[in-house]
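To keep things clear, I will list the structure first and then write my remarks on it.
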Protein chains: 2
Amino acid sequence: MTRLVRPGGSPPTPRSVDVARLAGVSQKTVSRVLNDEPYVSADLRRRVLDAAEELGYRRNQAARALASGRTRSIGVVTLGSALYGPASWLMGIERAVRKMGYTLRVATTIEGDPGGIASALASLLDQGVDGVVISEPIDEGVGIISVDVPVLVLGAPPTFTAPQVVTARVGAGRLARAATEHLLELGHATVHHLAGPQRWYSARDRLAGWREALRAHGADEPPVVEGDWSAASGYAAGRELAGDGTVTAVFAANDDMAIGLIRAQLEAGRRMPEDISVVGFDDIPVAAYVTPPLTTLRQPFDAVARQGLALLVQVIEKPGVELPPAADPPVELVVRASTAPPPPRPIPEQGRRATPHPHGGPHGQPAGSEVPSTRP
Amino acid sequence: MTRLVRPGGSPPTPRSVDVARLAGVSQKTVSRVLNDEPYVSADLRRRVLDAAEELGYRRNQAARALASGRTRSIGVVTLGSALYGPASWLMGIERAVRKMGYTLRVATTIEGDPGGIASALASLLDQGVDGVVISEPIDEGVGIISVDVPVLVLGAPPTFTAPQVVTARVGAGRLARAATEHLLELGHATVHHLAGPQRWYSARDRLAGWREALRAHGADEPPVVEGDWSAASGYAAGRELAGDGTVTAVFAANDDMAIGLIRAQLEAGRRMPEDISVVGFDDIPVAAYVTPPLTTLRQPFDAVARQGLALLVQVIEKPGVELPPAADPPVELVVRASTAPPPPRPIPEQGRRATPHPHGGPHGQPAGSEVPSTRP
DNA sequence: ATGAAAGCGCTAACAT
DNA sequence: ATGTTAGCGCTTTCAT
């Protein structure tokens, strides 16, 4: 079938029997060697490998899958957009999948397509994947989906019925809490939240983390504004909030919305961060270079993907074994110039700490000067 | 193997024989129906489909692949980063692949890993893909790679030996020319170019398009500054160019670099766009909301992917058929507030058209007010 | 228009 | 430790 062609035409692709013949062993021995099974002498192993090398032999995966009932592939259901978060997850998953010796199949969904996850899943199951990863899941309201292979859900509740459902916690809640606390500790009386669409579990997590932090600090909980992840929705929210003079700090559920919000504030004549502080979420590539450079949170995409896939593969290969709870990766808050203490003027009833902006003006802290501070 | 489980336990997954038995036909007839082969009476077809439905039957792809020698899957080699361009290509490819009735397998490469493309390709070929897409190729200097399935290369020269190599032109060159012409037509004496890394074919295309436009207009060709796509590299370039008072217009090979460059200029005290105009490339989600809103170019990711995949699938399924040349999709220049006529002061020897900035100040044209103008 | 038989290239039991 | 024998579940010939 499909393999690298050797120079000088295309002789018929070799089979394992050909390798066996050349090595002077049985076909089964070839299979043993190639699968790293025990009970093969070093000598035969060498001869088989040499013969395989010489012929340019590669195993036929279709035949392997048919005979063994396993495809050694993992499917991922992901949103079909180039949004930074979903795309980063996908890349992290690919690396992790490959590291575990599996290959990756992808099926995308479209935002707003009801049943999209179910049909993407069906497509992957048709292809015979050994396990499935649901990245950035959305609550479609379609109830429980049944799948007969193990499922890894990145940061969401188990709405799947499967041999095993494992979850890798993204820690979005902890990150959101850290962001909110950062602002509270700067002296803001409270922090507004520009949330992501609440059909997304990750958006819910962030909102929950924000709420927890406010409660823990005894701060008022202002009404939540909900966006759709886009900078446009952040801009709209920014115009809305610009009318409210009491707003001094906003935690946006992603950087795009934060940037839209900042733009609206600047147009409304607000100074950033002297009048309003903003924290984003994701640390998109341009976050350090917008004006003002954005304080934001980094998600540990690769670490979580690796962790989750290790679990998934373990469940696939050794069903029934008890799983150790995965350790949460550290929270990374990247402090840049978009956050500062609140303005001294509108001290309503809480005026502790009023030192003016230690972070420099809106043009402070450009390239490379971000301070990745890890908070527990 | 892997399929949706019906409620109430897991009875053995049905085979095509089971369907045949239930429908009262031969197994071959089931196969005929499911493959849309001719010579099946409407009656039998109905009975087979009903039986399949009733049993929840799904074909075993491994068996199909083994028997037919085709996997009905297409592999894509892509850069393992969440950069907007590569991620957008990947999503476009996934949609196109699915639309053609194939499934997608992904193998990523790491920037700077020599031989990365070759090994990613080998992995896909091992998996038995029927065709391969190389997205955003990089010149690895590893010479010609031989592959025995058809290859689609998105916007690059044929450095592959394959049964067939098809190329879908991305049109980056035309886009770059349009960007450069836009600036020249605003009255700038010449346009500087902040290029992408020249190992990337797409970066070369953009540079070539820029150069063509300058030549066509008889403009001087200033030295090229090369970045690495990152905002940091754009910032560095911006500091460099900030020392040169003659620079009035820059075409950056992507938006991230443009944003970094703008930041450096602002820090140097330049006003945008009064002193310097900048055009980016990609129209990333935040492009309309940075300060100033970025004039940029949109690549027709989906259209090109669809077009290219149609070719690839045609080559896979009907080798030897002559291919019609694909029509170039239209160029989309999104004009926002980062471009304006040059400042009147440093008129060196060319002073035609000196109308000052009609686009409004740096805060003009925010949300939604972009003007997608299609230029031929 | 339909069916029977023969593999596809491997892995899995079962010898030895 | 190594080899032999059966399938895995389809798609292909080739009959009918």
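Bear in mind the structure is a predicted one, so any value in this text is a computation, not a measurement. First the proteins, then the strands, lettered A, B, ... as listed; each starts at 1.
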Nearest whole angstrom, please: distance from the [atom2] of [N] to the [atom1] of [X].
| X | N | atom1 | atom2 | result |
| --- | --- | --- | --- | --- |
| Asp43(A) | dA1(D) | CG | C1' | 12 Å |
| Asp18(B) | dC8(D) | CG | P | 12 Å |
| Leu34(B) | dG9(D) | CG | P | 16 Å |
| Arg59(A) | dC8(C) | CZ | P | 20 Å |
| Arg46(B) | dT2(C) | CZ | C1' | 19 Å |
| Arg47(A) | dA1(D) | CZ | C1' | 13 Å |
| Arg64(A) | dC8(C) | CZ | P | 19 Å |
| Arg15(B) | dG7(D) | CZ | C1' | 12 Å |

Any side-chain to backbone donor/acceptor pair from [X] onto [Y]? Under 3.5 Å, distance only.
| X | Y | result |
| --- | --- | --- |
| Ser123(B) | Ser119(B) | no |
| Asp130(A) | Arg72(A) | yes |
| Asp18(A) | Pro14(A) | no |

What's the closest nucleotide to the side chain of [X] if the choices are [options]?
| X | options | result |
| --- | --- | --- |
| Arg32(B) | dT2(D), dT2(C), dC10(C) | dT2(C) |
| Leu44(B) | dT2(C), dC10(D), dG9(C) | dT2(C) |
| Lys28(A) | dC8(C), dC10(C), dA13(C) | dA13(C) |
| Gln27(B) | dC10(C), dT11(D), dT2(C) | dT11(D) |
| Ser26(B) | dG3(C), dC10(C), dT11(D) | dG3(C) |
| Val25(A) | dA1(C), dT11(C), dG3(D) | dG3(D) |
| Ala63(B) | dT11(D), dG9(C), dG9(D) | dG9(D) |
| Ser68(A) | dG9(D), dT11(C), dC10(C) | dT11(C) |

**Request:** Quick one: which residue pairs count as a salt bridge (Lys or Arg N to Asp or Glu O under 4.0 Å) with a foot in residues 87-107 of chain B, not counting sequence neighbours?
**Result:**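 For residues 87-107 of chain B: Glu94(B)-Arg98(B), Arg95(B)-Asp302(B).
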**Message:** Considering every strand and a 4.0 Å limit on heavy-atom distances, what is the contact class for Val40(B): base, sugar-phosphate, or nothing?
**Reply:** sugar-phosphate
**Asked** Does any non-hydrogen side-chain atom of Ser73(B) lie less than 4.5 Å from one of Leu104(B)?
**Response** no
So, OP1 or OP2 of [N]: does either fall under 4.0 Å of a side-chain N or O from [X]?
| X | N | result |
| --- | --- | --- |
| Tyr57(A) | dC10(C) | yes |
| Ser16(A) | dC10(C) | yes |
| Asn60(A) | dC8(C) | no |
| Ser31(B) | dC10(D) | no |
| Ser41(A) | dA1(D) | no |

**For Asp126(A), the option from Arg64(B), Arg58(B), Arg59(B) that meets salt bridge (Lys or Arg N to Asp or Glu O under 4.0 Å)** = Arg58(B)
